[in-house]
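Whatever order the structure lists them in is the order used to number ligands and atoms, beginning at 1.
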Amino acid sequence: MTQPSFPHLFSPLTVGGLTLKNRILSTGHMTLMVDDGKPSEQLALYHEARAAGGAGLIITEAAAVHPSTAPMHITAFRDECIPGYRRIAEACHAHGCPVFGQLGHGGRQTYGSGDGSLAVAYAPSALPGERFHVMPRAMSERDIADTIACYGAAAQRMKRAGLDGVEILASHAALPAQFLNPRTNLRSDAYGGGFENRLRFLRQVIEEVRHRVGADWVVGVRISGSEMEHDGLEIDAVVEACAALDGDGALDFLDVIAGSMAGLGGSVYVVPPMFVETGHAAPFSAAVKARVSIPVFVAGRINQPQIGEAILARGEADMCGMTRAMICDPEMAAKAEAGRVGDIRACIGCNQACIGHMQAAYPISCIQYPESGRERAYGTRIPAPRARKVLVAGGGPAGMKAAAVAAERGHEVTLYEAGPRLGGQALLAQLLPGRAEFGGIVTNLAHELELAGARVVTDVRVTRDLVEREAPDAVVVATGATPWRPPIAGADQGHVVDAWQVLLGEANVGASVVVADWRCDWVGLGIAEKLALDGCRVRLCVNGTMAGQTIQQYMRDAWVGRLHKLGVEIIPYARLFGVDADSVYLQHTTSGEAIVCAGVDTLVTALGHEAASGLERALEGFAGEVHCIGDCLSPRSAEEAVLEGLKVATAL
Ligand code: SF4
């Protein structure tokens, strides 16, 4: 096979006094691998895995420069952060990968205090924040001076820890961007008003950091080329600011992204889901690059080396942030350099276990590669003490992961799939509008099975007889789930179908549809969108507080926006009660009052799943070792399926 090469990605880059071996960057991203404000040992192992996998540069997550900002961060305003940073630096340096710190202050995007009470948020002006519903306190000049001094002190700590540089976070409407933006900075003193005054805060932060760390240490700024918000910074103002800062001569690089933490629309672009095109921020970095002399980085859905290479080849940036690409596959860079492009486990932009975990206050991971963020427990594949015969029943994500890992460890593995294709419910999920990329999980796991040498048999349903004939040492039952179809009052009078039938094209749907969505996840949103795109009038009735309640926020918000454009009516707090020939009856989940949807042709149910536990029951009393994983254990999502596949196969 002819392999593409990546001459631009794998050429060195000089940033300040530092030469990077390639142009692949793991950008600063929140991991929640923080122990009482200090970088944890797990965080060092996490970054080390990316360094060992060939990353050219790692920038660690936003650290709080001052006690007045967000509580889940590394507290870089305390010396206690230094040993943890030192451990990260040493771990990554061992693989030839420099490490920068990141200096953050959320300003009015400060939403908690760490003890459950609301924080006092500090901002240039007392203007309400739309996303976190915070009314900040306008900073006094003393507050400003104190905060600027803290940026410098935090950078100095990072230098003492052995990091190679630092990035000042002015992206995503962080505090420096709030000063820069005339719509969030209404001050009339030296920090507000004209462009020079609004830039003063960031300039003084850079000056203070440079003063504290000296001329030879790398200092850069991250900024959003567009905050993608109704009142956010836009590219023209950003380019002017970057050109002015470049002219000051104190910066070594600029790092361009898109999005804002300030509002729901802009925050979609902070970690853009699969709806957003790959490399979407490159036009912004190109505009900045055209006006500055220092290297310009870019990030935003650069999930494959081909995309990064094209951005660099077009001269739109000097370095590519490929963060989720390396959460999903820590060895992405090394595989690309070795020409093993087909072996790269591409990130599918699902946002589920990376930013999704972070927002749920858990350490980040990946649905496709749950080893990420769990390097302590699963970072090394330990060969099995003795090869055993393993039978895996079910070729969905759970069974595929279990079979691949067990085979990698040296077991003799056969995976049986009852249908003609591997993939399980992921094959259905990829049929939802805008979700085709989700099918990548199947492609990636199938390739891992092949590489590991597991035997795959399709169109064979595993029975107890088959198990007894094969006589494996261990059986892994991963038979998945089927739609939950509870009895619905009046269903014999109405037209009732389920989401699977709609996706598979097995059901005719009328012109006016109610989607009854119990789980408030991708299925209800996707079915509603599909039917609206087909021209139906759609009412999406969700048994929760909002559509998409249980999925990652940026994915949900983007999806709800798409439904709004299509005219889908969303009815929250709605428990399905019954149906007749032309109406669907629901009950408000808190008031208990009826909600009647009249003029309905078809009710589409998205009521979750029930475990397909027939094989598990059939194997009761079987003398051998039996493990049950994934949806047949309890219907959840692909994330839990893959994680349980990893866990069971690691223990075999
Ligand atoms: Fe990418 Fe999804 Fe993995 Fe996040 S969880 S790194 S978006 S594949």
> Just to be sure I understand the site: which N, O or S atoms from the protein are less than 2.8 Å away from atom 2 (Fe) of ligand 1?
Cys350 SG
> Asp631 and Gln425: side-chain donor and acceptor closer than 3.5 Å?
yes
> When you compare the side chains of Gln304 and Thr278, does any donor N or O come within less than 3.5 Å of an acceptor on the partner?
no
> Just checking, is any N or O donor in the side chain of Gln42 or Glu375 under 3.5 Å from an acceptor N or O on the other one?
yes
> Out of curiosity, Glu167 CD to Leu254 CG, how far, rounded to the nearest 0.5 Å?
9.5 Å
> If you measure from the Lys or Arg side-chain nitrogens to the Asp or Glu carboxylate oxygens, is any gap between Glu229 and Arg131 under 4.0 Å?
no
> Mind checking the NE2-OG1 spacing from His105 to Thr69? Nearest 0.5 Å is all I need.
4.5 Å
